[in-house]
S.K.: 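Input: one structure, supplied below.
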Amino acid sequence: MDNFREAVLLGEMLGTRCKLAVPQTPLVGTPGGYTGRLAGSSIEFKDFREYHPGDDIRRIDWGAYARSDRLNVKQFHEEIRPRLEIILDGSLSMNISNKAEVSWTLVAMLATAASKTGCTHDIWICGRDFASLPNSEEPPKMWEIPLFESNGGFMEAFTVRPPSLQDQSIRVIIGDLLLPDDPAIVLQTFAMGASALYLIQVLSAEDSEPLEYGNICLSDSENDDEMDLFVDRSAVKRFMETLRRHQDIWHDACARTGARMMTLVSEDFSASGDLTPLVEGGVIEAG
Amino acid sequence: MPTFLTPLALIAAAAIPALAAIYLLRSRLRRKTVSSLMLWQNQGIVKKGGTRIKKISLPKTFYLELLIILLLVAAAMGPTFTTSKSSRPAIIILDDSYSMRADNNGVSPRDLAIEMVSKILDDKQVSSVRLITAGKRPYVLSHQVKDQATLMDALQNWHCKSPSDSLDAALNLANSIGGRRALIQVISDKNPDTPLEDVHIQWAALGVKLANTAIINASRTIYENNDRCMVEIVNFGDMTRETDVSFLFVGRDKPFKKVNARLEPNQRKQIIFSVQDNFSPITVQINSDPLGIDNKAVLLSDPYRQLPVQFDIRSQELEKHVREAVLAAEGIIDINKQPRLYITDKVPETPPDADQWVLLLVEEDKPVSYTGPYIVDHTHPLTQGLSLDGIIWGAGTGHEMPGDPVILAGNIPLITDTALLNSNHLLRLRISHQASNLAQMPAWPIIFCNLTDWIKSLMPGFRRTNIRLGTDPVFYAPSGISQVTVVKPDKTEKQFNISDNQVIIENQDPGIYLVKTKKKTYRFASNALSISESDLSRCKTGRYGQWKEADTVRKTYFRAAWIFILIAVGLLIIYQLILSRMVSRGMA
């Protein structure tokens with residue numbers, strides 16, 4: 001837990017150096033500093049429409065009524081505060097190496113950057129179901145960080161209890177994406193109603209290229225499955241080819257849903273703190 | 001199989017289980033938790049969990065290390081290979097006596113011996129064999145023989161026709177040739193006389209006790225005007241046996257005399273008869289039995305030797321005594337010219353003829369009678385059977401007596417001998433018959449008889465014409481002959497050079513030998529007449545003595561540790577290469 005705490009503090013620190021990159025497409029959010037896609041209460045005129053009972057009579061265009069004897073109300077772009085929703089993979093596989101620490105760093109960094117940008121944020125932990133992180137509206141150091149104990153995928157958790165995702169929110173999924181779920185379904189699910197969807201794949205160095213050779217009993221971190229394998233150069237080569245194909249599937253799914261995906265190696269990130277991949281991926285902006 | 005000089009080094013082999021343990025532990029499945037197995041599912045050599053007991057996948061380096069350790073342990077143990085290739089040579093002594101020819105149901109000891117020698121060489125008991133035949137004299141039959149073909153060639157010259165064996169002499173010769181540690185194999189048909197104490201000697205007796213009847217004596221002498229023959233046969237068997245003794249002239253099929261002899265065990269029987277034909281060779285033959293060589297004898301007539309003597313003595317009384325004594329000997333011819341023996345009391349003015357002996361009678365003017373003691377050279381032919389007891393020898397010192405003294409009275413030579421050319425001699429006899437009683441004593445004719453026998457024995461030809469096998473007769477050549485041709489019984493001819501007017505003829509085969517000169521042919525008959533060889537009842541079968549194995553095999557030790565180390569170093573280099581490749585590939 002101390003590691004997670006340190007990771008969160010590191011993320012908070014990193015988040016102060018950047019801003020959340022708000023997409024240029026109209027957004028939906030709580031009233032705030034950004035023009036929303038919907039009609040709202042901002043001063044920026046959007047359109048006219050017929051008056052319906054219940055409309056604010058202050059918005060009736062009395063001049064038009066005089067000219068046409070029809071009650072029309074002026075519609076203005078609503079002023080919203082964009083919302084960032086971070087979906088964190090809470091499965092046991094995230095405990096491998098320092099993936100969990102790096103993930104919490106990223107979460108804290110994004111939450112801080114969102115706050116700095118004027119966005120609200122919410123954090124969903126994907127365990128057996130989707131649970132909101134307690135005190136997630138508070139600064140990261142106030143968070144109550146849970147352990148990663150789940151052994152299921154996103155869709156399984158969805159069926160138990162889906163997250164209450166706000167429409168038009170910016171959604172960032174953080175996890176190793178080593179899931180049995182169909183990437184296309186996962187992304188379609190999360191992309192629905194989102195203004196933007198980002199996938200940050202956090203892999204350990206061993207996930208990206210196994211370094212250990214010899215006779216190894218491979219044990220799945222999320223279930224009791226085991227595999228005895230003589231790992232040699234060719235086995236590693238086959239592993240990496242499989243990983244590349246797996247990532248390609250996710251990239252294809254991203255391309256179809258408009259999501260963007262980036263991959264971090266946890267050990268490299270923790271060593272360098274380099275946010276360039278996230279900046280290039282359009283999740284954050286420097287500043 | 002190698003032997004190890006330091007077997008305790010085997011303790012180092014404990015490194016092998018240690019290495020195996022290391023590899024087994026290394027090869028045990030290390031448990032590793034991964035994020036997901038989904039990326040590993042397409043591995044071709046997947047082994048499902050739960051099957052822990054399975055073939056261990058060991059890397060090549062394990063086998064290399066194992067091999068290197070094994071080689072080093074083996075090298076530390078000092079492997080030594082023993083090669084018996086260079087086993088020691090042996091000397092094989094072959095009994096060459098004719099009892100080895102005894103036929104026992106078609107197999108003779110000689111046949112068995114050939115088989116045995118061949119087997120010794122075949123079995124690699126020895127690296128090579130050297131053959132010595134032990135006949136009358138030991139004879140080196142072959143130098144070191146290593147192959148069967150050469151061995152068989154050498155054994156072709158082993159005839160077994162000697163009338164005696166010389167096994168003791170052959171053993172001495174073998175020891176001389178081979179040294180003290182020489183391996184010696186004696187092959188005979190008799191057992192050793194004394195127990196063998198030398199561990200380097202093996203004795204194989206291959207003989208079989210057989211009943212044999214043999215001719216053990218055969219002679220032909222001049223008796224009055226005819227020849228008289230004597231043949232003696234013996235039955236060496238344990239049972240009474242009858243045999244026909246046939247006498248026939250050589251070249252004729254029908255015997256002129258046949259005698260049936262019934263012989264009790266070990267009984268001898270002599271058959272004596274006269275032959276009117278004094279020249280034809282006679283063959284004596286008995287019935288066939290296991291040993292054929294002693295069933296036949298050939299008898300030649302003894303050539304009648306005549307000695308021409310000329311007397312030229314001034315003293316009539318002395319001449320009378322001398323003439324009576326000389327003519328008392330057999331075969332003396334009194335002639336007046338070209339005598340073989342010239343007896344005179346005159347000092348010859350010219351040297352004697354080439355074929356002439358001279359007896360010079362030296363008569364003193366002032367004789368002195370000597371009664372002894374006499375000093376007699378008993379090795380001289382003149383003194384054979386001579387006794388001078390009671391002799392008053394009338395002599396003196398008035399004349400010189402050159403030559404080797406034969407008889408002396410004190411320091412006064414009475415008879416001297418001077419050798420001339422062609423084995424002739426000039427003998428000086430100092431005598432004064434008025435002052436001596438020598439002419440009336442038996443010694444007087446003995447001296448002249450010895451003289452004439454001596455001269456006749458040196459006349460051309462053989463002294464005896466019927467001799468036993470193995471006895472090498474001396475051929476006295478006529479003067480002026482430098483070479484003779486000898487025709488053996490098997491009709492082979494051989495040239496011999498004459499040395500000192502004589503030559504010794506080697507007598508190895510029974511039968512008639514011819515010695516040809518330009519003018520005349522001489523001959524003698526050789527007969528196998530040896531009791532010891534014909535008596536097959538003494539033959540034995542058995543093995544005596546045994547070579548020590550340590551002596552038969554001269555072991556050569558070859559230390560092979562360096563080979564093991566060399567291979568280990570080679571493997572170590574290969575190991576390093578493999579290891580470096582693995583490191584470069586990140587597999588180590």
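Proteins come first, then strands; the chains are lettered A, B, ... in the order of their sequence lines, and each starts at number 1. In this text, all values refer to a predicted model and were calculated from it rather than measured experimentally. Below, all heavy atoms of this structure are taken into account, side chains as well, without hydrogens, waters or symmetry copies.
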S.K.: Does any heavy atom of chain B fall under 4.5 Å from the side chain of D176(A), the backbone, both, or neither of them?
M.R.: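 For D176(A), the contact with chain B is made by the side chain alone.
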S.K.: For E85(A), enumerate each residue passing the salt bridge (Lys or Arg N to Asp or Glu O under 4.0 Å) test, keeping only those at least two apart in sequence or located in another chain.
M.R.: R83(A), R171(A)
S.K.: Rounded to the nearest 0.5 Å, how far apart are CG of L39(B) and CZ of R245(A)?
M.R.: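 Output value for this atom pair is 9.5 Å.
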S.K.: Please classify the contact of L203(A) with chain B as side chain, backbone, both or neither, using a heavy-atom distance under 4.5 Å.
M.R.: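 The answer is neither part of L203(A).
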S.K.: Drop me the distance from I216(A)'s CD1 to T33(B)'s OG1, to the nearest 0.5 angstrom.
M.R.: 11.5 Å
S.K.: To the nearest 0.5 Å, what is the distance between CG on L37(B) and OG on S221(A)?
M.R.: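 That separation rounds to 8.5 Å.
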S.K.: Is the count of non-hydrogen atoms from other residues, nucleotides or ligands lying under 6.0 Å from M192(A) atom CE greater than 12?
M.R.: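 Count not over threshold, so no.
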S.K.: Would you mind reporting whether C217(A) and K32(B) have side-chain heavy atoms less than 4.5 Å apart?
M.R.: no
S.K.: Any non-hydrogen side-chain atom of D220(A) less than 4.5 Å from a side-chain atom of V34(B)?
M.R.: no
S.K.: I need the M38(B) CE to E222(A) CD distance, nearest 0.5 Å.
M.R.: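 That separation rounds to 10.5 Å.
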S.K.: Give, for atom CG of L177(A) and atom OG of S35(B), the distance between the pair rounded to the nearest 0.5 Å.
M.R.: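 Spacing of CG (L177(A)) from OG (S35(B)) equals 11.0 Å.
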S.K.: Atom CG in L92(A), atom OG in S36(B): separation rounded to 0.5 Å?
M.R.: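 Going from the CG atom of L92(A) to the OG atom of S36(B) covers 12.0 Å.
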S.K.: Under a 4.5 Å heavy-atom cutoff, which of L243(A), L218(A), N223(A) has the most pairs with chain B?
M.R.: L218(A)
S.K.: For each of E241(A), M240(A), H246(A), E212(A), tally heavy-atom pairs with chain B at distances under 4.5 Å, and name the one with the top tally.
M.R.: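 Among the listed options, the one with the most contacts to chain B is E212(A).
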